[in-house]
Amino acid sequence: MYPPEFDYERADSVDHALELMDEHAGEEIELLAGGHSLLPTMKSGLASPDVLIDIGHIEALQGVETNGDGFSIGALANYADVDDSPEVWEGATAFADATHRIGDVQVRNRGTVGGNIAHADPASDLGGALLASNGTVVAQGPDGEREIPADDFYLGMYATALEPEELLTRIELPETGENDVGAYAKKPSPSSGYPIVGVAAVLHTDGEEIESARVGANNIMDHGVRLTPTEEALAGEPLEEETMEEAAEVATDELDDVMMMEDLQASAEFRAQLTRVYTKRALLGALDRLESAPPAAAD
Ligand SMILES: Cc1cc2nc3c(=O)[nH]c(=O)nc-3n(C[C@H](O)[C@H](O)[C@H](O)COP(=O)(O)OP(=O)(O)OC[C@H]3O[C@@H](n4cnc5c(N)ncnc54)[C@H](O)[C@@H]3O)c2cc1C
């Protein structure tokens with residue numbers, strides 16, 4: 001299917017993109033990053049923007065950088081950029097693991113981290129990973145830059161805390177400590193590769209006990225959520241398989257059954273069961289990695 005006609009503008013810099021967004025204020029605007037979600041939505045008639053602002057060539061939004069405390073992932077970094085970074089695998093393992101498991105090689109070479117997070121598809125692999133990694137979304141708008149903690153970013157299905165006049169410029173991820181570890185486990189849809197359920201876990205440990213944990217899941221509610229009963233069940237417990245299994249059992253205890261995602265691939269009840277199973281896999285995956293330090297890349 002062909003999308004309806006639209007205007008095309010190409011931005012050369014972040015300031016230029018913001019100028020173009022201001023110029024077209026009041027019209028339906030979409031930003032073109034990797035185009036891997038936007039173009040299918042336009043072709044299927046679900047989005048019909050008046051204007052596409054192509055941000056895909058803005059140099060300042062590219063790449064992955066290591067700073068003193070963690071990582072700065074440019075909005076236009078693609079998944080392969082993250083997956084290819086040994087530093088991110090070492091210091092933000094759950095996030096690297098999630099990017100590694102997105103789609104196929106073409107999608108990983110083309111789709112962007114910023115586009116994925118701004119799009120806020122409930123099935124995005126990065127929803128749970130951003131929450132578990134305690135990431136921060138950095139946005140630039142007419143009034144300057146602002147930081148949005150992951151916990152405040154996702155508001156609902158395809159809905160985020162980004163304002164219409166703001167551009168997501170980068171993601172900041174803190175670097176985990178030497179006894180910390182993370183992993184992502186996903187039940188991929190056999191047809192699309194998107195997760196039916198995905199769970200990311202980051203364990204902060206002293207080498208023997210879990211001091212604290214962050215566990216995030218995607219595609220179980222209308223946006224990425226933290227599994228707080230599991231986080232609470234892990235805190236202060238020994239790094240043992242039994243700890244992980246027990247903590248996974250309570251993963252869905254505080255989720256509202258009525259709001260649980262339900263589609264042709266999984267009923268709400270099956271999805272809740274998958275969530276407990278994939279929480280266990282993520283936790284056991286993290287434990288495995290800790291026992292075979294340094295963190296190993298996924299197969
Ligand atoms: C065959 C296929 C398989 C896929 N499998 C998976 C999968 O397994 N897991 C998964 O998570 N995803 C999957 N995807 C989706 C893919 O990851 C997309 O790349 C991603 O969802 C959107 O990123 P993009 O760069 O392509 O954004 P685009 O499609 O260019 O844009 C998406 C939306 O985000 C907005 N946007 C883009 N960049 C910014 C920005 N910097 N600031 C503000 N708004 C912005 C746009 O306006 C648009 O509304 C798949 C896609 C395809 C085609």
Side-chain angles (χ1 to χ4, degrees), residues 3 6 8-11 13-14 17-18 20-21 24 27-44 46-58 60-62 73-83 95 97-130 137-141 145-146 148 153-154 157-171 184 186-198 200 216-219 223-224 265:
F6 53 85
Y8 172 88
E9 303 266 22
R10 176 171 156 157
S13 65
V14 170
L18 294 175
L20 289 168
M21 287 161 79
H24 290 277
E27 295 174 71
E28 189 76 35
I29 300 173
E30 289 286 356
L31 303 176
L32 178 62
H36 266 45
S37 289
L38 181 58
L39 296 188
T41 338
M42 288 170 65
K43 284 184 165 184
S44 61
L46 292 170
S48 21
D50 302 312
V51 56
L52 271 196
I53 300 178
D54 186 349
I55 58 168
H57 306 273
I58 302 177
L61 301 180
Q62 312 279 346
I73 300 180
L76 289 177
N78 55 45
Y79 312 123
D81 292 332
V82 177
D83 192 20
F95 196 85
D97 204 350
T99 61
H100 179 79
R101 292 171 200 273
I102 289 179
D104 53 27
V105 78
Q106 287 95 334
V107 176
R108 291 196 292 278
N109 277 313
R110 186 73 200 171
T112 68
V113 170
N116 187 312
I117 288 171
H119 190 51
D121 187 330
S124 152
D125 279 297
L126 299 186
L130 185 70
V137 174
V138 182
Q140 179 104 23
E145 190 170 276
R146 79 183 171 113
I148 312 166
F153 183 73
Y154 292 109
M157 192 175 280
Y158 305 110
T160 71
L162 280 176
E163 297 294 339
E165 64 277 11
E166 283 180 323
L167 184 71
L168 188 163
T169 53
R170 63 183 191 279
I171 305 298
Y184 179 66
K186 154 182 187 177
K187 166 83 180 149
S189 155
S191 55
S192 71
Y194 275 91
I196 298 175
V197 162
N218 31 266
N219 216 21
H223 61 294
Q265 304 198 85

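None of the values given here were measured: they were computed from a predicted structure. These numbers come from the heavy atoms of this one structure, side chains and all, not from hydrogens, waters or symmetry mates. Start at 1 and go down the list; that is how both ligands and their atoms are numbered.
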Salt-bridge criterion met for Asp104 and Arg108 (N-O under 4.0 Å): no

Polar contact flag for Ala118 and ligand 1 (N/O pairs, less than 3.5 Å): no

Asn116, any N or O under 3.5 Å of ligand 1 N or O: yes

Pairs satisfying salt bridge (Lys or Arg N to Asp or Glu O under 4.0 Å), at least one member in residues 109-119, at least two apart: none

Under 3.5 Å: donor-acceptor pair, side chain of Asn109, backbone of Val105: yes

For atom 4 (C) of ligand 1, the protein heavy atom that lies nearest, with its residue and separation: Tyr194 CE1, 3.6 Å

Any N/O pair Leu32/ligand 1 closer than 3.5 Å: no

Sub-4.0 Å heavy-atom approach of Glu163 to ligand 1: no

Taking atom 25 (O) of ligand 1 as the reference point, the nearest protein heavy atom with its distance: Thr112 OG1, 2.6 Å

Distance-only side-chain donor-acceptor flag, Tyr184 / Asn218, under 3.5 Å: yes

Structural part of Leu76 in contact with ligand 1, heavy atom criterion under 4.0 angstrom: neither

Rounded distance (nearest 0.5 Å) linking atom CD1 of Ile117 with atom CG of Leu130: 4.5 Å

Ligand 1 to Ser37 polar contact by distance, N or O atoms, under 3.5 Å: yes

Protein heavy-atom partner closest to atom 26 (O) of ligand 1 - residue, atom, separation in Å: His36 N, 2.7 Å

Top protein contact for atom 46 (C) of ligand 1, by heavy-atom distance: Leu31 O, 3.0 Å

Approximate separation, where rounding is to 0.5 Å, of Ser13 OG and Leu18 CG: 8.0 Å

Gln140 side chain to Thr169 side chain, donor-acceptor N/O pair below 3.5 angstrom: no

Closest protein heavy atom to atom 27 (O) of ligand 1, given as residue, atom name and distance to 0.1 Å: Gly115 CA, 3.6 Å

For Gly193, the ligand 1 atoms whose distance to one of its heavy atoms is below 4.0 Å: 8 (O)

Top protein contact for atom 28 (P) of ligand 1, by heavy-atom distance: Gly35 N, 3.4 Å

Atom pair CG (Leu76) and CZ (Arg170), whose distance is rounded to the nearest 0.5 Å: 13.5 Å

Ligand 1 contacted by Pro40 (non-hydrogen, < 4.0 Å): no

Pick from Val107, Leu168, Leu126: the one approaching atom 3 (C) of ligand 1 most closely through a non-hydrogen atom: Val107

Carboxylate-amine/guanidinium proximity below 4.0 Å for Lys186 and Asp125: yes

CG-CG distance between Asp54 and Leu32, expressed to the nearest 0.5 angstrom: 4.5 Å

Proximal ligand 1 atoms for Gly103, defined as those under 4.0 Å from one of its heavy atoms: 5 (N), 6 (C), 7 (C), 8 (O)

Donor + acceptor pair across side chains of Asn116, Ser124 (<3.5 Å): yes

Donor-acceptor side-chain pairing of Glu9 and His24 below 3.5 angstrom: yes

Check: Gly114 N/O within less than 3.5 Å of ligand 1 N/O: no

Euclidean distance, Ile53 CD1 relative to Ile58 CD1, rounded to 0.5 Å: 9.5 Å

Residue, atom name and distance, where the atom is the protein heavy atom closest to atom 29 (O) of ligand 1: Leu38 N, 2.7 Å

Selected option - heavy-atom contact closest to atom 47 (O) of ligand 1, from Arg108, Glu30, Met21: Glu30

Close-contact set for ligand 1 against Lys186 heavy atoms, below 4.0 Å: 8 (O)

Subset of ligand 1 atoms that lie under 4.0 Å from at least one heavy atom of Gly34: 24 (P), 25 (O), 26 (O), 27 (O), 30 (O)

Protein residue, atom and distance nearest to atom 10 (C) of ligand 1, heavy-atom basis: Asp125 OD2, 3.6 Å

Atom pair NZ/OG of Lys43 and Ser48 - distance to nearest 0.5 Å: 15.0 Å

Heteroatom proximity flag, Arg110 to ligand 1, N/O under 3.5 Å: no

Those atoms of ligand 1 less than 4.0 Å from some heavy atom in Tyr79: 16 (C), 17 (O), 18 (C), 19 (O), 20 (C)

